[in-house]
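The structure displayed is predicted, hence computed values, not measured ones.
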Amino acid sequence: MTNNYDVIVIGAGPAGYVAAIRCAQLGMTVACVDAWLGRDGKPALGGTCLNAGCIPSKALLESSRLYDRLQQGMDTHGIAVDGVTLDVAAMMASKDATVHDLTHGIAALFSTHAIEWIAGRGQLLPDRQVQVTPHSGAQHTVSAGHVILATGSVPIELSVAPLDGDTVVDSEGALNWKDVPQRLGIIGAGVIGLELGSVWRRLGAEVVLLEAQEQFLPMADRQLAKSALNLFRKQGLDIRLGERVKAATVTGDGVNVEYENDTDGHTLTVDRLIVAVGRRPCTDGLAAAETELLLDEQGFIHVDEECCTSVPSVYAIGDAVRGPMLAHKGSEEGIAVAERIAGQVSDVNYDAIASVIYTHPEIAWVGKTEEALKQAGVEYRTGLFPFAASGRARAMQETAGEVKILSDAATDQVLGVHIMGEQASELIAQAVMALEFDASSEDIARTIFAHPTLSEAMHEAALAVDGRSIHMARSRRR
Ligand code: FAD
Ligand code: NAD
């Protein structure tokens, strides 16, 4: 094993492993140092996303949705289903198998690209040297021409609700329970709270979400967030806004959660509690002081637009730096940095990164919200189309939600697209492409969409921007 590489990547999540592969594709010698240990105690690639984030949560969302549909959604299709039973252990095993296959897939890709996988913790030293503390064995030092820091993020802990690994857990713990809690509390009604709340609600738990903010999903379109709140409450997610948790105490009966709003205090007793109040960058002890790696006050690695840190030839990407904590954002930064190291010109379009919440219905958006446009004083036009007017959505009996397109009043350029509905996570890709290609709403309106598809709602929303939607009696237009 050499100890000198063209590039060393610290962290093998979707930012780091993608950067490593792209560097190898471009002909560089690459090592990737990663500290993750899988549930079997063995080193595993893929970081939070593959091991404890995107993939296991989506596996459980899919399985729990099937169970929920079989339980209550089939009569209207003329299908009677009796004797549906739940095997949580089998569901978890299926999720674990998906994670196993995908993380081993990354290991195979590393092998194919001759990327050296170094299992252990890495620390940046001066002169692009990295000290490796392996899970077992002696510390050693490796060096490179360029270092990419991709150490990701970890859950924020609350001192008033200490984790105990089983009754009070973070998102990772809640992806691994072996049975369904009867009463589940969740602190935080953000993305994780809603997705994991949906999983356990579908499997039979009574779910209460305590959210400190008065506004539900402040980052999403106001109209969609309002409809989503109503829908989720109807589904049985008891979302309580403006509630601050003061203490959570584990007792013989479960967990007593004390919380208060501006006027009064309450106590909630649940069997288990998830703390889902955001994530923070994983940068503690990442760099020796002599390196002069600059972090901001929250611990994010300071980078410029090109992901260059304060240390020459050291880059940082993914959740450890500014911007949305999303896997695809980190991966694109990884590709761009690899290409810049290779001397190419490469760019990340931060204005065209989609956000998705994988509830039912899903919520997805890209670009600007109406609030942001108003604040910036931008004149815009709106086109709306509800899935209730979509033939395919009606055939699927999935009529909740709508597509909203915002376009510049003067140029008609698409500035933002907001979707709530079945398969919004897939539909939003069309909107991302529209933004990427600087499309106008007229470009989408003049595009021929296959019939009958959910995508036609995008077409109709684009027509509605100009007040000429075909399948709505009167196009809603502002
Ligand atoms: P990470 O994936 O966190 O990987 C960082 C890696 O670096 C880890 O393996 C870590 O062990 C390692 N590391 C840290 N410090 C060191 C060190 N000093 N030395 C060596 N190794 C180190 N995003 C989406 O886009 N879509 C989703 O559907 C989605 N669902 C999610 C669901 C959940 C429950 C959670 C928790 C997150 C979800 N996310 C989702 C967010 C997504 O997981 C992150 O944005 C993404 O994983 C960030 O990638 P990353 O490579 O920057 O960091
Ligand atoms: P989040 O920021 O989405 O939500 C956290 C919520 O907790 C916020 O609404 C916040 O107001 C609330 N909160 C904070 N402190 C509180 C307190 N003391 N009491 C009550 N509520 C409190 O964060 P998250 O849901 O933990 O997710 C973390 C990150 O992971 C997000 O940035 C997200 O982008 C990413 N993620 C993405 C996906 C996806 O893309 N589908 C899924 C899961 C996670």
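You'll find the side chain of Val417 reaches within 4.5 Å of the side chain of Met458, heavy atoms only.
Checked by atom type, the side-chain pair Tyr350/Arg322 shows a donor-acceptor distance below 3.5 Å. There is no side-chain donor-acceptor pair under 3.5 Å between Glu260 and His266. For Asn230 and Ser227, the side-chain atoms include no donor-acceptor pair closer than 3.5 Å. Judged purely by distance below 3.5 Å, without hydrogens or angles, the side chains of Gln72 and Asp68 pair a donor atom with an acceptor atom. For the residue pair Glu362 and Ser425, a side-chain donor N or O sits within less than 3.5 Å of a side-chain acceptor on the partner. Side-chain polar atoms of Gln223 and His418 form no donor-acceptor pair below 3.5 angstrom. Looking at Ser407 and Gln413, their side chains never bring a donor and an acceptor atom within 3.5 Å of each other. Under 3.5 Å, the side chains of Glu243 and Asn261 contain a donor-acceptor pair of N or O atoms.
Partners of Glu211 under the side chain to side chain donor-acceptor pair (under 3.5 Å) rule, at least two apart in sequence or in another chain, do not exist in this structure. With sequence neighbours excluded, no residue forms a salt bridge (Lys or Arg N to Asp or Glu O under 4.0 Å) with Asp408. In this view, Arg39 and Asp96 satisfy the salt bridge (Lys or Arg N to Asp or Glu O under 4.0 Å) rule, not counting sequence neighbours. With sequence neighbours excluded, the residues satisfying side chain to side chain contact (heavy atoms under 4.5 Å, CB included) with Thr283 are Thr151, Pro281, Leu286, Leu295, Ile301, Ala320. Arg22 meets the salt bridge (Lys or Arg N to Asp or Glu O under 4.0 Å) test with Glu339; sequence neighbours excluded. Partners of Asp296 according to the salt bridge (Lys or Arg N to Asp or Glu O under 4.0 Å) rule, which considers only residues two or more places apart in sequence or in another chain, do not exist here.
Nearest heavy atom pair, residue Gly11 against residue Cys32, reads O-SG, 3.7 Å.
Salt-bridge annotation for Arg240 and Glu214: absent, with no side-chain N of the basic residue lying under 4.0 Å from a carboxylate O of the acidic one. Between Glu195 and Arg202 there is no salt bridge, since no side-chain nitrogen of the basic residue lies less than 4.0 Å from a carboxylate oxygen of the acidic one.
The aromatic rings of Phe232 and Phe216 lie perpendicular to each other, with more than 60° between the two planes, well past the 30° mark.
The line from CG of Leu427 to CD1 of Ile419 is 5.0 Å long, rounded to the nearest 0.5 Å.
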Could you go step by step and tell me if Lys226 and Glu402 meet the salt bridge (charged side-chain N to carboxylate O under 4.0 Å, His left out) rule?
CA-CA 13 Å; Lys226 200 171 155 206; Glu402 63 189 16; over 6 Å; no
